[in-house]
Amino acid sequence: MNRFTWQRAVIKVGSALIAPEGNECSGRYLLSLARFITASREAGKEVILVSSGSVAAGRSKVKVRHNASIAEKQAMAAIGQNLMMANWQRFFDFPCAQVLLTADDLRDRTRYVNIKNTLREILKHNALPIVNENDTVAANELKVGDNDNLGAYTALVAQADTLIICSDIDGLFTADPRKDNTATLIPHVGKIDSTIYGLAGGAGTAVGTGGMRTKIEAADKCTSSGIQTLIVNGRKGETFDALLEGEVPGTLFEASSTPANARRLWLTHTLKTAGRIEVDSGAKEALMQKGASLLPSGIIDVVGQFEQGDAVEVICQGAVVAKGLCLYNAKDLGLIKGKKSKDIASVLGYETTDVAVHRDDMVLY
Ligand code: GLU
């Protein structure tokens, strides 16, 4: 078996585990997974869940036609979402935190930054974020559409190092194991290319090879950003024993580099610099020597017209010392430069964070 190490994982749990009968949330397959989550957290690791099941849970409470309309499904999601959350909460002593996202939230820069901050904050308070698509408000092009891809976006925004997709199939196979008994499991994928997509079935197939198409898409998004991706069978209790031992009892899609390297490349080369922040030598020292985030108190000057979430260069005495994503726009940062954290709210009339550029969103030069 392949081995893996991880520190922050997004675990995507599909309907096959949450709602095995197609309606109603069930705990049947969740106990081993819940134990894995608890044990991992006790070992100092961080977990974010992406869970399906709201529509299935809603369906169990009200009668709808077999072919429910979009509006009916949205209503089912609204009725079922809290049941799905409650289904998870009963497994844990720590709080579960509901996070509902749409594709539009992930595309909008301000909301993206807010999602990132909120996930950080939830983890800091030792709660378990449980992410689902906000099906009630999103339809068609506003939707990510499936929770495999939502899992990938969540891993990216949360800067996870690992995405674990729990399904009812052991991993990626050479053919569909439900139709072809010569099919064998592929334990390791070094690079996702057209052959791998070919194994997953065409885009148009509803289920592909065990719903594999969206899983490969998710793995593709993640691995190219340095996030290793696993597909495992979450219906088998032994899967989670193996994962706890650092073994991959399914398919491991190798990351193309480390998340830190991928992020460094993205921040350094892909992102256009939208402005500059001049800092004092104390702030520079805190960034370079202490691994600190940049606070408004160390900022002397703000140059350029940037928006929240844009990339800025951090300058000290004429030299570029870092580049990162700014959590305030240029106008507001100009107002709070040099100010202590406790004064931000009174100057701006609001406060989202006392950090101007977070450590996790910064590369040092
Ligand atoms: N968001 C959907 C639900 O909660 C599930 C979508 C999916 O599993 O891909 O029912």
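As the structure lists them, so they are numbered: ligands from 1, and atoms in each ligand from 1.
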Do NZ/NE/NH1/NH2 and the carboxylate oxygens of R107 and D104 come within less than 4.0 Å?
yes
Write out the protein residues near ligand 1, meaning a non-hydrogen atom under 4.0 Å from one of its atoms, in order of chain and number.
S15, S52, G53, S54, V55, N132, D135, D146, N147
Regarding R120 and D361, does a basic nitrogen lie under 4.0 Å from an acidic carboxylate oxygen?
yes
So, do L327 and V113 sit near enough that their side-chain heavy atoms are less than 4.5 Å apart?
yes
For atom CD of Q7, is the number of surrounding heavy atoms from other residues, nucleotides or ligands below 6.0 Å larger than 12?
yes
Should C222 and T229 count as side-chain neighbours, where that means a heavy-atom distance under 4.5 Å?
yes
Of all residues at least two apart in sequence or in a different chain, which pass the ring-ring contact (aromatic ring centres under 6.0 Å, His included) check with F91?
none
